[in-house]
Q: 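I am attaching a structure below and will ask some questions about it afterwards.
The sequence lines fix the lettering, A, B, ..., with proteins before strands; numbering per chain opens at 1.
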Amino acid sequence: MLNKTYNSQETERRIAKAWEKEGVFRAGAGANPGSDVFSIVIPPPNVTGSLHMGHALNNTIQDILIRFERMRGKNVLWQPGMDHAGIATQMVVERQLAERKETTRQEMGRGKFIERVWQWRHESGGLIANQLKRLGVSCDWSRARFTMDEGFSKAVLEVFITLYEKNLIYKDKRLVNWDPGLLTAISDLEIEQKEMQCSLWYFRYPLEEVLFDPVDPSTFIVVATTRPETMLGDTAVAVNPHDERYQRLIGKKVILPLVGRRIPIIADDYADPQTGSGAVKITPAHDFHDFEIGHRHDLRMISILNQKAAVVLQGNVSFLKGLEKNSMLDALIACLDGLDRFSARGKIIEMMDEGAYLHDIKEHICMVPHGDRSGIPIEPLLTDQWYMNVSELAKKAIAAVHDGYTAIMPHAWEKTYLNWMENIKPWCISRQLWWGHQIPAWYGPDGTVFVKKTEKEAITEATIYYGGEVRLVRDKDVLDTWFSSALWPFAALGWPEKTADLAIYYPTTILVTGYDLIFFWVARMMMMGLYCMGQVPFRAVYIHALVCDKYGTKMSKSKGNIINPLELIDKYGADALRFTLAIMAAQGRDIKLDPGRIAGYRNFSTKLWNATRFGAMNGMFHDPDFIPEKTRLAVNRWILTELTRVTEDVTKNISVCRLNEAAEALYCFVWDSFCDWYIELVKPIFQSQDQYILREIQGCIAWCLDTIYKLLHPFMPFVTEELWMCTAEKATSRPSMLAVTAWPDLYFCDEVASADVKWLIDLISGLRSLRAERNIPVTVRTSLVVLDADQLTYNRLTCHEDVIKRLAGIKGISFSKNVPVMSIQMVFRNVTFCMPLGSLLEFDIEKTRLQKVLNKVLQDIERITKKLKNERFLVNAKTTVIEAERERLDKYLALKDRTEEALTRLWTIR
RNA sequence: GGGCGUGUAGCUCAGCGGAAGAGCACUACGUUGACAUCGUAGGGGGCGCAGGUUCAAUUCCUGUCAUGCCCACCA
């Protein structure tokens with residue numbers, strides 16, 4: 001017997017263990033022989049991670065699909081795993097070292113530090129997997145992978161070397177986005193533009209050939225900049241070739257203030273006459289545009305900032321080489337050397353002002369690129385990095401989506417994907433970190449690079465190259481985490497080995513992810529999958545929204561608006577959270593999560609619990625002979641018809657990822673149809689002494705509940721599994737676990753019985769509404785007199801008399817040709833129902849009420865008549881629509897007649 | 001600057017060519033043996049604004065005003 005209340009916390013833990021023990025999540029478990037394959041690779045969470053709402057949504061969606069297909073008998077694989085998350089993990093461990101006041105990473109040294117990270121990974125890296133289990137996700141945990149496990153590392157090496165040998169990976173010295181906080185390069189995707197209030201400084205750069213006079217504009221050229229500190233590295237001033245103001249200056253030279261370097265005035269289209277002064281200083285080593293110009297005009301590149309973005313003049317060879325003899329040099333070095341970029345900015349402005357070079361300052365709003373991890377402004381820095389030429393790979397990835405080998409859902413995201421792919425730029429894949437896949441490149445004494453899987457192979461090659469043994473130095477850099485993530489769909493299945501899993505499960509069926517990962521991950525998996533496997537990594541991508549707080553702002557630790565899903569699970573149960581997320585999954589862009597809503601769906605699971613208790617208390621049982629077609633009672637045939645409809649609805653909608661529609665349909669069916677009506681309609685029948693009838697209801701209620709458990713299981717796995725187990729009877733042959741029970745396929749339909757019961761429901765609702773409107777207390781049971789009942793109405797009334805009496809507060813039903821005195825009248829389906837109220841009847845109120853009904857009907861009739869008189873409507877509209885309108889009109893006309901009669905009678909029944 | 005969204009009941013959102021929906025909140029009544037994490041009944045919407053297409057528009061198109069996100073950025 002079921003407890004009076006449902007304890008989600010206790011139950012969820014127990015059920016989770018039971019699933020694990022039974023191994024129901026194992027790939028292919030319960031699959032029918034020769035069945036279709038359904039495979040998903042999980043977006044591997046970071047080992048550093050703990051479960052957040054994004055994970056909760058993402059995994060709920062996947063789990064619904066997986067559980068659904070598993071029950072449908074497919075060969076299901078949900079491949080779990082975790083991502084080593086280079087920067088994030090390294091930061092976490094470093095922070096931990098700092099908190100514990102241990103030695104720093106640098107003091108510790110690379111080998112020890114990496115050992116430390118592994119240790120951390122083993123201690124706490126499994127946290128998120130356990131949290132996912134609490135959500136109920138049914139991955140095949142026995143085959144969890146890690147993006148730095150042995151096999152995966154092999155895959156990474158394999159891909160890197162292949163791409164290198166095809167010249168798709170190469171090393172280059174150019175400007176990169178450098179994060180001066182994390183001391184590593186980052187890719188374009190890892191920067192975030194932030195709008196900032198700053199200033200635009202106008203500087204006077206004196207012309208070489210005349211004596212500088214700050215009040216004589218003919219002796220200088222004005223340049224505007226938002227980054228004064230980079231002027232130390234200026235190697236030109238650019239003006240637009242068509243800018244009349246500066247025509248005469250093109251080709252002349254200016255003396256760079258403070259530094260004294262002679263730099264040319266060049267003509268370049270990049271300079272926009274409308275912006276600033278029309279003349280722009282060019283710092284090729286510290287600005288991406290300037291870098292391009294530098295190449296075009298063969299300018300020197302002078303790097304004046306180091307990796308921590310501090311000024312380096314002393315000992316900076318390229319800088320000194322560029323300097324002319326200048327007496328101020330020592331002073332300059334003394335002032336600026338070692339200052340970080342922002343302090344240097346202030347100092348330089350000060351010095352420029354002192355020298356009368358500061359022309360003007362204007363307020364300005366500019367977008368400053370920040371590192372997404374460190375949160376500090378990135379610095380374009382000239383460094384050696386590894387790049388991947390992705391434009392070739394992108395072509396195939398574009399074509400695959402274009403030609404429908406991979407479908408992106410919702411379709412609107414396809415454009416985002418294609419647009420990015422079509423404008424793709426080389427991908428900087430090296431990171432100056434320690435935690436990650438170290439690049440398999442070794443350098444000889446002269447800098448020649450040998451890219452090989454192992455040091456041994458590199459040495460062998462180097463020996464041949466140099467004609468003798470040499471010492472090689474390995475490249476210190478590691479790969480961008482996303483490089484290995486891009487291999488996930490096939491590397492997690494065993495690639496580069498030719499495994500059976502790959503043969504069965506690749507390409508995977510669907511990838512489920514948030515839109516924030518389209519570029520980072522989806523695009524790159526597409527490229528790598530197509531390149532390495534020759535096939536798309538997934539047949540479909542389902543892009544879902546991100547979860548925000550109830551005010552619509554993105555959840556983030558810094559904003560402090562994080563809602564911890566585990567707390568919600570504790571409070572409302574995993575089922576309630578899952579159901580809420582599923583029903584909200586339709587939302588276009590963002591999900592604003594309101595805990596109040598979760599409470600609502602927690603109530604839903606309670607409702608189901610209590611419905612089951614009702615069944616159990618009334619002797620429901622799983623009748624092995626129960627066959628829907630054999631039922632006799634209209635209520636049963638009606639609910640079975642409805643059940644069929646909802647089954648079809650849910651099945652169809654989950655198949656096309658419309659989880660909200662499926663959840664909504666279930667909610668309405670269970671609460672409204674099943675609990676509010678079926679159970680209520682069936683209650684009086686339980687009083688029946690007829691064993692056959694009793695048996696039919698007891699069998700039907702069990703059958704319906706079982707089907708509900710199955711349909712609801714993907715959404716609310718815990719409570720349904722629990723109810724499944726609790727309602728098991730010894731004698732039945734039901735499978736012991738709902739998770740591996742076959743998905744229902746019902747094809748029952750009885751339109752006649754349905755029409756009967758719908759009539760019944762509408763009648764009861766009408767009567768109840770009437771009573772409430774007239775404030776007739778529940779304690780007052782009224783009699784019901786039916787006027788001119790046709791045969792069908794008569795039959796129905798007789799058949800459902802008990803229920804009507806019970807649910808509408810009626811003490812007796814009688815038939816008559818005349819209206820009893822002192823009655824209120826209700827017209828329902830062309831038949832007038834009267835309730836004699838005696839002294840309770842108030843004529844004025846009754847008249848107003850009937851008049852109101854009549855007015856409404858007259859309006860409707862007018863509207864529909866007009867429509868049906870419209871020739872063009874009759875010609876153009878679908879026949880079904882026209883038919884529906886005609887029927888509706890007939891109905892209203894009858895209602896009008898009966899209501900008018902009722903109004904007329906009002907005067908005769910006092 | 002380019003792209004993509006969103007504007008529907010007090011709140012959070014479904015619906016997206018054929019009589020305006022759900023949950024929460026609100027009002028009134030109600031503990032009759034499944035359930036107060038409940039029941040019954042009810043109030044509350046020119047479906048942002050303006051045009052257009054259509055027999056018919058909340059639904060399609062154009063414009064417009066809000067609002068959000070993504071991408072790229074002029075020093």
Q: Quick check: A:Phe220 with A:Phe203 (ring centres under 6.0 Å apart)?
A: no

Q: At under 4.0 Å between heavy atoms, what does A:His364 touch on the DNA or RNA strands: base, sugar-phosphate, or nothing?
A: sugar-phosphate

Q: Looking at the rings of A:His289 and A:Tyr270, which for Trp means the six-membered one, are their centres under 6.0 Å apart?
A: yes

Q: Tell me what A:Gly278 touches on the nucleic acid: a base, only sugar-phosphate, or nothing, going by heavy atoms under 4.0 Å.
A: base

Q: For RNA chain B, what are the stems built from at least three Watson-Crick or G-U pairs in a row, each pair having both distances below 3.5 Å?
A: B:1-7 with B:65-71, B:10-13 with B:21-24, B:26-30 with B:38-42, B:48-52 with B:60-64

Q: Is the phosphate of B:rG18, meaning OP1 or OP2, less than 4.0 Å from a side-chain N or O of A:Lys878?
A: no

Q: Glycosidic conformation of B:rG52, syn or anti, with 90° from 0 as the boundary?
A: anti

Q: Using a strict cut-off of less than 4.0 Å between a Lys/Arg side-chain nitrogen and an Asp/Glu carboxylate oxygen, indicate whether A:Lys856 and A:Asp860 qualify as a salt bridge.
A: yes

Q: Using a cut-off of under 3.5 Å, enumerate the N/O to N/O pairs linking the protein to nucleotides 30-38 of chain B.
A:
| from | atom 1 | to | atom 2 | distance (Å) |
| --- | --- | --- | --- | --- |
| B:rA34 | OP1 | A:Lys683 | NZ | 3.1 |
| B:rA34 | O2' | A:Asn610 | OD1 | 3.4 |
| B:rA34 | O2' | A:Arg613 | NH1 | 3.0 |
| B:rA34 | N7 | A:Lys683 | NZ | 3.3 |
| B:rA34 | N6 | A:Cys675 | O | 3.2 |
| B:rA34 | N6 | A:Glu680 | OE2 | 3.4 |
| B:rA34 | N3 | A:Asn610 | O | 3.0 |
| B:rA34 | N3 | A:Ala611 | N | 3.3 |
| B:rC35 | O4' | A:Asn610 | OD1 | 3.4 |
| B:rC35 | O4' | A:Asn610 | ND2 | 3.4 |
| B:rC35 | O2' | A:Asn610 | ND2 | 3.1 |
| B:rC35 | O2 | A:Lys607 | NZ | 2.7 |
| B:rC35 | N3 | A:Lys607 | NZ | 3.2 |
| B:rU37 | O4' | A:Asn603 | OD1 | 3.4 |
| B:rU37 | O2 | A:Arg602 | NE | 3.0 |
| B:rU37 | O2 | A:Asn603 | OD1 | 3.4 |
| B:rU37 | O2 | A:Thr606 | OG1 | 2.5 |
| B:rC38 | OP1 | A:Asn603 | ND2 | 2.6 |
| B:rC38 | O3' | A:Lys607 | NZ | 3.2 |

Q: Look at A:Lys425 together with A:Asp188 and state whether they make a salt bridge at an N to O cut-off of under 4.0 Å.
A: no

Q: Need to verify one output field. Residue with the more 5' nearest nucleotide on RNA chain B, A:Lys415 or A:Lys867?
A: A:Lys415

Q: OP1 or OP2 of B:rC55 sitting under 4.0 Å from any side-chain N/O of A:Asn876?
A: yes

Q: Looking across every strand, which nucleic acid part, if any, lies under 4.0 Å from A:Ala877 by heavy atom: base, sugar-phosphate, or nothing?
A: base

Q: Check the pair A:Glu773 / A:Arg771 against salt bridge (Lys or Arg N to Asp or Glu O under 4.0 Å), numbers first and verdict last.
A: CA-CA 5 Å; A:Glu773 208 174 326; A:Arg771 290 174 61 102; over 6 Å; no

